[in-house]
Structures are given as C-alpha cells and as structure tokens.
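First the structure, in the form of structure tokens, and then the observations on it.
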Amino acid sequence: MFEILHFTSVSSTQEIARMILRDNVVILADEQKNGRGRKGRVWFSPPGGLWMTVILKSEEPQLITLKASVAMVKALKKMGVKAEIKWPNDILVKGKKVCGILGEAYENFVLLGIGLNLENEIPEELREIAINLPNIQRDAFLPLFLEILEKELKKGRKDILEEWRKYQCTLGRKVIVDEELQGVAEDIDEEGFLILNTGGERKRIMAGTLRFLE
Ligand code: BTN
C-alpha cells in the first residue's frame with residue numbers, strides 16, 4: 001500500500017522525495033516548476049498531468065524502472081490506450097512519448113519519478129515527439145496505476161524481463177544511441193542493459209537516448 005503526499009506546486013517531486021525518504025510514499029504534485037527528465041533535461045509539468053515520485057526501499061533502480069514501465073503500459077491498456085515501451089523506459093503512444101520514467105538511486109532508496117502527459121498542454125515545439133491523453137483524468141488513473149505497480153514490484157526479474165519484452169517496440173530495430181552508436185537493438189540483458197549489435201560487435205549499453213533509424 002502506498003501513502004500519497006499531495007502538493008499543489010513543487011520544484012520537482014524528486015527533490016521533495018529526497019527530504020521525505022520513506023518507503024512506499026508517493027510524492028504527487030499538481031505542477032512542477034523545475035521538473036526534470038533524464039540527463040538533466042527539462043520536463044514540462046503544468047497542471048493536468050501526472051507528476052509523481054514513488055519512494056521505494058531498493059538498490060536496483062534499473063529493475064524498478066523496468067517494472068514501472070510494464071505497470072504503466074498495463075494501466076494504460078486498462079484505460080483503452082495501446083502503449084509501448086521504448087528502451088530504456090519511455091512509454092510511447094502512436095510513436096510519441098506520453099510518459100517518462102526516471103529511476104534515481106539515493107541512499108538506500110530508489111526515487112521513481114514518473115511523468116505522464118494527460119490533460120496538460122504539450123508545448124508547441126514538442127508536439128512532433130510528445131503526446132498527451134486528454135481524456136484520462138489523473139485522479140482516476142493514479143489508483144489504478146499504483147495497484148498494478150504494487151503487483152509488478154513483487155515479481156521477480158525473470159517475469160519482468162519477459163513482460164518488458166512483450167510490451168516493448170525496440171528490439172529487432174535499427175537504432176542510434178546518443179546520436180553516435182548505430183546498430184540493431186538485439187535484446188536487453190538481466191540488468192536491463194541494451195544489447196546493441198553494431199555489425200559484428202555486441203555492445204552492452206547501460207543508458208542512453210535512443211532514436212529509431214527505420
Ligand atoms: C524522462 O526523461 O523521460 C524522465 C522524465 C521523468 C519526469 C518525472 S515528473 C515527476 C518526477 N519529478 C521530476 O522532476 N521528474 C520526474
């Protein structure tokens with residue numbers, strides 16, 4: 001069971017989480033003034049979206065983010081939305097990013113940051129690559145997601161990897177990672193690292209920004 005701490009406006013739920021640091025607490029904010037994504041990127045978080053950090057006592061951010069991705073796809077499916085996972089943990093709808101997931105290790109905790117575009121506006125300059133789900137209300141979606149997340153968190157690595165593979169749209173495709181390393185995304189390994197076949201060589205990639213080439 002999660003305890004939800006609801007804030008109207010925060011800098012970033014990740015920052016609040018660092019101060020609270022209690023297992024199974026969810027920091028939920030109506031808006032973030034300084035929301036951030038992976039690699040320190042800006043994450044637009046105006047009212048209407050789901051912006052939260054789930055605090056979990058764990059030292060496995062990689063595995064937790066895989067679990068959260070699977071939970072997100074399943075919860076969206078329950079709402080009638082077909083979503084897919086793009087490695088490492090972007091959730092896409094119609095090929096555009098609807099949700100970003102950030103797993104940060106902090107002391108003995110994982111701060112699982114989740115940003116899901118719902119009724120919030122998408123800035124003009126991001127509309128080519130990002131999408132929202134204006135028909136889904138945050139307060140209806142949140143309990144559903146947390147219920148599914150709770151179940152996924154209890155599963156073992158093998159089951160999660162199997163589910164992740166079922167819902168992903170990355171493997172088997174030609175990709176470029178961080179705009180420098182090209183190859184075919186072959187698989188993910190036990191730790192969620194991407195196995196990239198660069199033409200003879202198989203590279204194991206822990207993190208990066210992936211773009212599909214075809
Ligand atoms: C990504 O870059 O794809 C990850 C985006 C994570 C955004 C969420 S919104 C709630 C939490 N607070 C933040 O500042 N970031 C995460």
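One-based numbering, in listed order, for ligands and for the atoms of each. Computed from heavy atoms alone, side chains included, the values below leave out hydrogens, waters and symmetry copies.
Around NZ of Lys94, the count of heavy atoms belonging to other residues, nucleotides or ligands within 6.0 Å does not exceed 12. Remark: Gln137 CD is loosely packed, at most 12 non-hydrogen atoms of other residues, nucleotides or ligands lying under 6.0 Å away. With a 6.0 Å radius and a threshold of 12 heavy atoms from other residues, nucleotides or ligands, Glu15 has its CD atom above the threshold.
For the residue pair Ser9 / Glu31, a side-chain donor-acceptor distance below 3.5 Å is found, with atom types taken as modelled.
For the salt bridge (charged side-chain N to carboxylate O under 4.0 Å, His left out) criterion with Glu186, the lone passing option out of Arg202, Lys203, Arg173 is Arg202.
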Go ahead and list the nitrogen or oxygen contacts between ligand 1 and the protein that come in under 3.5 Å, distances to 0.1 Å, or just say none.
| residue | atom | partner | partner atom | Å |
| --- | --- | --- | --- | --- |
| ligand 1 | 2 (O) | Arg38 | N | 2.6 |
| ligand 1 | 3 (O) | Lys97 | NZ | 2.6 |
| ligand 1 | 12 (N) | Thr13 | OG1 | 3.0 |
| ligand 1 | 12 (N) | Gln32 | OE1 | 2.8 |
| ligand 1 | 14 (O) | Ser12 | OG | 2.7 |
| ligand 1 | 14 (O) | Gln32 | OE1 | 3.4 |
| ligand 1 | 14 (O) | Arg36 | N | 2.8 |
| ligand 1 | 15 (N) | Arg36 | O | 2.7 |

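Under the salt bridge (Lys or Arg N to Asp or Glu O under 4.0 Å) criterion, Glu179 pairs with Arg211, not counting sequence neighbours.
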